[in-house]
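Report on the following structure.
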Amino acid sequence: IDDKARSIPKTMVSLFGHLDEKQLNWKPNPQTWSIGQNIDHLITLNVMYWPTFEKLIDLEFQKNWVKKIPLWPKLVGKMLIKSSQPERKTKVKTVPIFEPSKSEISSSIIEDFKIHQEKLLKYFDKLDHLDHDRTIITSPANRALVYSLKDTWTLLIVHEERHINQAKELMEMNEFPNS
């Protein structure tokens, strides 16, 4: 996972770093996210985990009673990872708190993502000493959804890969504006 996480910013730059604002904001219809919105969504979602990561680092993390239900965290983790796979066999609607900006996305979004990913990787490093299988966290979207720190890392990375694929699909459309 660590190598994948470290390669994602390079992938973002190589695939989307040359795009102008018109291309980053293009979408075939109002219901589809633009490339910029896909990237903004990744930043928005990942940042929602940062307070939990900070509490784990500071040893101030409060346990949620749902975490004590046998096998629930494993089940939830597997379900979320499966639904976020890069192959995108089915569409998954995001929860409102994870939605991207509806406005025009600046061309700085690629650099913003690189900076964001560096911070995310620092959290990976700072939390490396914990038992990733036994450290159970709560989803920022729903307190009933709990899963291991290991599943959190996997989920974040496969989710980023999923949205990179979604953005690539936009670029491959015939209608996509070429400079």
Side-chain angles (χ1 to χ4, degrees), residues 1-28 32-57 77 80-89 91-92 94-95 97-130 132 135 137 139-141 147-173 176-179:
I1 291 175
D2 205 21
D3 289 341
K4 276 187 178 184
R6 293 184 194 289
S7 71
I8 287 175
K10 293 178 193 127
T11 301
M12 283 283 194
V13 170
S14 69
L15 290 172
F16 313 119
H18 66 283
L19 300 178
D20 61 28
E21 282 191 27
K22 179 181 175 188
Q23 292 168 313
L24 287 168
N25 286 290
W26 180 84
K27 48 189 181 176
T32 302
W33 290 349
S34 68
I35 292 169
Q37 285 177 308
N38 272 282
I39 298 167
D40 186 61
H41 163 70
L42 293 175
I43 294 170
T44 300
L45 183 141
N46 291 355
V47 165
M48 299 296 286
Y49 283 91
W50 292 1
T52 297
F53 296 160
E54 288 291 335
K55 287 177 182 172
L56 286 168
I57 290 165
L80 290 173
I81 290 167
K82 185 177 181 185
S83 71
S84 297
Q85 287 298 310
E87 293 78 35
R88 290 182 5 99
K89 291 177 183 149
K91 270 192 146 181
V92 178
T94 193
V95 293
I97 66 167
F98 295 148
E99 290 206 2
S101 168
K102 300 293 183 203
S103 61
E104 294 291 304
I105 304 293
S106 165
S107 61
S108 70
I109 193 72
I110 304 298
E111 188 61 31
D112 296 344
F113 180 81
K114 279 176 46 183
I115 293 165
H116 159 82
Q117 193 75 357
E118 287 171 17
K119 187 167 183 177
L120 183 63
L121 290 167
K122 285 180 184 170
Y123 280 124
F124 279 32
D125 292 340
K126 287 179 180 178
L127 295 170
D128 196 43
H129 69 284
L130 296 174
H132 291 198
T135 302
I137 70 162
S139 166
Y147 34 91
S148 70
L149 189 56
K150 178 181 178 183
D151 286 345
T152 303
W153 292 153
T154 303
L155 177 60
L156 292 175
I157 300 312
V158 299
H159 182 252
E160 288 180 350
E161 292 173 323
R162 179 182 182 91
H163 282 281
I164 288 170
N165 287 347
Q166 192 172 336
K168 282 174 25 183
E169 289 170 12
L170 288 169
M171 285 179 59
E172 293 165 358
M173 291 181 158
F176 186 77
N178 291 314
S179 295

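From a predicted model like this one, the values you see are computed outputs, not experimental measurements.
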[X] versus [Y]: any side-chain heavy-atom pair under 4.5 Å?
X: L42; Y: M12; answer: yes
X: L156; Y: N46; answer: yes
X: I164; Y: K168; answer: yes
X: P140; Y: T52; answer: no
X: L19; Y: I110; answer: no
X: L149; Y: F53; answer: yes
X: I157; Y: E161; answer: yes
X: E169; Y: N38; answer: no

*Taking only residues at least two apart or on different chains, which pairs with a member in residues 107-120 satisfy salt bridge (Lys or Arg N to Asp or Glu O under 4.0 Å)?*
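Those involving residues 107-120 are E111-K114.
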*Indicate the ring-plane relationship of Y123 and W50, choosing parallel, tilted or perpendicular according to the 30° and 60° boundaries.*
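Geometry flag for W50 against Y123: tilted rings.
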Where the side chain of [X] meets the backbone of [Y], is there a donor-acceptor pair that is under 3.5 Å apart?
X: N25; Y: E21; answer: yes
X: S34; Y: W26; answer: no
X: Q37; Y: I105; answer: no
X: H132; Y: L127; answer: yes
X: Q117; Y: R6; answer: no

*For Q23 against D20, the heavy-atom pair lying closest together*: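 That closest heavy-atom pairing would be N-OD1, 2.8 Å.
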*asked:* Just to verify, what does W33 make a ring pair (Phe, Tyr, Trp, His ring centres under 6.0 Å) with, not counting sequence neighbours?
replied: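 Partners of W33 by the ring pair (Phe, Tyr, Trp, His ring centres under 6.0 Å) criterion, ordered by chain and then number, come out as H41, H163.
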